[in-house]
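As the structure lists them, so they are numbered: ligands from 1, and atoms in each ligand from 1. If you're wondering where the values come from, they're calculated on a predicted model, not measured in any experiment.
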Amino acid sequence: MSKPALLQTGPMMALIEKELNAAFIVHKVAKPADLEGVLAASAGSIEAVCTGGHTGVKTDAALMARLPKLKVIGNFGVGYDSIDAAAAAKRGVIVTNTPDVLTEEVADTALGLLLMTVREFGQAEQYLRAGRWGTEGDYRLTPQSLRDRSLGMVGYGRIGKAIAKRAAAFGMPISYFGRTKQSDVAYPFYNDLTAMARDVDTLMVITPGGPQTKGLVSRSVLEALGPRGIVVNIARGSVVDEAALIDALHKGTIWGAGLDVMYNEPNIDPALLKLPNTVLLPHVGSASIHTRNGMGQLVADNLKAYAAKKAPLTPVPETPFKAW
Ligand code: 8YV
């Protein structure tokens with residue numbers, strides 16, 4: 001039987017590329033500007049797409065409409081905001097993502113980023129490396145501490161729960177915001193984010209990106225959080241109104257921010273770099289060899305399941321699997 005054709009929207013880990021090349025005829029887009037050329041030669045034959053937020057190619061309704069034989073889209077990442085899952089559902093296309101394998105790693109990163117932001121560890125390390133400890137004395141006592149902080153979870157899914165478990169072990173009182181109250185969760189629930197921001201001093205953003213959550217952490221949410229307020233974003237840059245955040249950090253409307261994700265990453269707003277009360281990480285939430293290998297294998301296994309006409313392992317809720 002001949003192999004199905006697959007569109008790879010950008011570079012992928014070696015382990016993914018190796019497995020895809022064995023199971024598919026791969027049409028690879030090396031950089032977004034090459035997309036049209038690759039499509040001109042292959043669009044009519046493509047049955048599968050392998051993509052990820054990092055490729056810079058959006059698998060939107062317009063792209064799907066140009067791939068008449070498309071059956072499956074495998075996403076590298078648990079977040080699939082670069083794919084129009086509703087459009088895929090309408091076309092009977094299955095979207096898969098990489099849940100679970102990254103949960104603990106991202107939760108570890110979230111706590112690391114929270115501690116760095118609250119206790120200024122990055123700034124303290126820079127102080128030492130600059131030789132200032134010996135000449136100027138101890139780094140300052142940090143005005144902020146986890147000891148008197150309460151955590152508001154902006155999103156309470158699998159990763160949110162893993163973060164909350166860690167934060168509870170650190171002794172933090174926890175609340176959560178979401179669309180609906182979860183019957184098996186005892187923590188205080190808010191369906192009004194501004195109200196939760198008023199009652200806590202730390203927001204942990206771990207909700208999916210995309211149009212539904214764009215700008216959710218708005219200027220008024222930041223104002224409600226107040227001058228001791230700290231925002232940690234481990235989700236997507238789009239969830240926070242970045243202009244409002246920069247303004248709030250600049251004016252002291254809130255205390256600080258720890259960001260693993262930014263609006264226009266990797267080309268981030270230079271204003272963020274100038275803010276001393278900000279810890280910035282280059283989207284490394286899941287970025288260990290262990291976890292990325294797990295994610296890569298799951299991407300390959302989902303797509304290979306299609307090539308073998310078997311059920312995909314992790315279809316997203318919008319596109320439940322029935323049959324190929
Ligand atoms: C990915 C992520 O590594 O899983 C996600 O949603 O943000 C990261 O873990 C990133 O999307 C790479 O494309």
Suppose I only count heavy atoms of Met295 and a 4.0 Å limit; which atoms of ligand 1 are within that range? 1 (C), 3 (O), 9 (O)
Do Val221 and Leu203 have side chains that get closer than 4.5 Å, going by heavy atoms? yes
What atoms in ligand 1 come closer than 4.0 Å to a heavy atom of His283? 2 (C), 7 (O), 8 (C)
Can you list the ligand 1 atoms lying under 4.0 Å from a non-hydrogen atom of Gly53? 13 (O)
Tyr306 six-ring centre to Lys309 NZ/CZ under 6.0 Å and within 45° of normal: yes
Lys165 with Glu104: basic N within carboxylate O range, under 4.0 Å: no
Note the single closest protein heavy atom to atom 13 (O) of ligand 1, along with its residue, its atom name and the distance in Å. His54 ND1, 2.9 Å
Tell me: protein heavy atom nearest atom 5 (C) of ligand 1, and distance? Val78 N, 3.5 Å
Of the non-hydrogen atoms in Asn233 and Arg236, which two are nearest, and what is the gap between them? ND2-O, 3.0 Å
Arg292 neighbourhood, listing ligand 1 atoms whose heavy-atom distance to it stays under 4.0 Å: 3 (O)
Is Lys3 salt-bridged to Glu47, cutoff N-O under 4.0 Å? no
Go through ligand 1 atom by atom and flag the ones less than 4.0 Å from a non-hydrogen atom of Leu102. 4 (O), 9 (O)
Side chain, backbone, both or neither: which applies to Val106 and ligand 1 if a contact is any heavy-atom pair less than 4.0 Å apart? neither
Take Arg149 and Thr202 through the test side chain to side chain donor-acceptor pair (under 3.5 Å) and record every step on the way to the result. CA-CA 7 Å; Arg149 285 203 159 259; Thr202 313; 2.8 Å; yes
Does the pair Glu120 and Gln144 meet the rule for a side chain to side chain donor-acceptor pair (under 3.5 Å), with working shown? CA-CA 9 Å; Glu120 307 178 9; Gln144 302 303 332; over 6 Å; no
Short N/O distance, under 3.5 Å, between Gly77 and ligand 1? no
Consider only side-chain heavy atoms of I, L, V, M, F, W and Y, link residues closer than 4.5 Å, and tell whether Ile83 and Val239 are in one cluster. no
Quick test: of every protein heavy atom, which one is nearest to atom 9 (O) of ligand 1, and how far off is it to 0.1 Å? Ser286 OG, 2.6 Å
Numbered in order shown, the ligand 1 atoms found under 4.0 Å of a heavy atom of Arg236 are 2 (C), 5 (C), 6 (O), 7 (O), 11 (O)
